[in-house]
Amino acid sequence: MPRPTAAQLAYGSCTVIFSTLAMLLLSQTSSSLGIVLIALSALALGLLVAMTVPLPKPAPAATASVVHERVPAQRETASVSASASSAPEPVRETAGP
């Protein structure tokens with residue numbers, strides 16, 4: 001499960017706080033059961049708002065095409081260096097005692 005973004009946390013928290021205050025002021029309830037119901041409904045509303053905030057979109061396809069363009073160039077360089085390294089190198093011998 002992905003972690004919530006900062007926007008989701010902010011929107012959800014503000015929704016819980018403001019909806020709780022609004023419902024308590026509008027209902028003018030003083031019973032503990034009414035306050036609990038209002039608090040639970042505000043939490044449910046805040047969760048709903050937090051989950052419906054749009055998530056960041058993935059990277060555009062333009063960056064993927066740039067990656068594909070670079071890969072063949074790297075492969076060509078590797079094949080050129082491989083053919084150059086296949087040439088025999090002179091062997092140095094050390095003088096013995």
Side-chain angles (χ1 to χ4, degrees):
M1 183 173 166
R3 295 183 181 202
T5 62
Q8 287 175 316
L9 290 173
Y11 285 135
S13 299
C14 289
T15 301
V16 169
I17 292 169
F18 291 132
S19 62
T20 302
L21 289 175
M23 286 189 277
L24 284 173
L25 290 173
L26 291 173
S27 68
Q28 296 179 354
T29 186
S30 58
S31 67
S32 59
L33 180 62
I35 294 171
V36 169
L37 287 175
I38 288 174
L40 289 176
S41 62
L43 284 173
L45 184 63
L47 182 63
L48 177 71
V49 168
M51 299 313 281
T52 56
V53 171
L55 295 175
K57 294 182 180 179
T63 58
S65 64
V66 171
V67 171
H68 291 300
E69 290 175 7
R70 291 182 184 170
V71 171
Q74 291 173 352
R75 287 184 186 156
E76 290 173 11
T77 305
S79 64
V80 169
S81 64
S83 64
S85 66
S86 64
E89 293 183 14
V91 177
R92 295 184 184 175
E93 296 181 13
T94 58

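It should be emphasised that the depicted structure is a prediction, and the values quoted were computed from it without experimental measurement.
Put simply, CG on Leu9 and CZ on Arg3 are 11.5 Å apart, with the number rounded to the nearest 0.5 Å. The distance from atom OG1 of Thr20 to atom CG of Leu43, rounded to the nearest 0.5 Å, is 6.5 Å.
Every residue meeting the side-chain contact (heavy atoms from CB on, under 4.5 Å) condition with Ala7, not counting sequence neighbours, appears here in chain and number order: Thr5, Tyr11, Val53. Here Thr29 pairs with Leu24, Ser27, Ser31, Ile35, Ile38 under the side-chain contact (heavy atoms from CB on, under 4.5 Å) rule; sequence neighbours left out.
For Ser19 against Ala42, the heavy-atom pair with the smallest separation is OG-CB, 3.4 Å. Across all their heavy atoms, Ser41 and Met23 have their closest contact at OG-CE, 3.5 Å.
Panel note: side chain Thr52, backbone Val49; a donor-acceptor pair is recorded below 3.5 Å.
In the hydrophobic clustering, where aliphatic and aromatic side chains (Ile, Leu, Val, Met, Phe, Trp, Tyr) are joined below 4.5 Å either directly or transitively, Leu25 stands alone.
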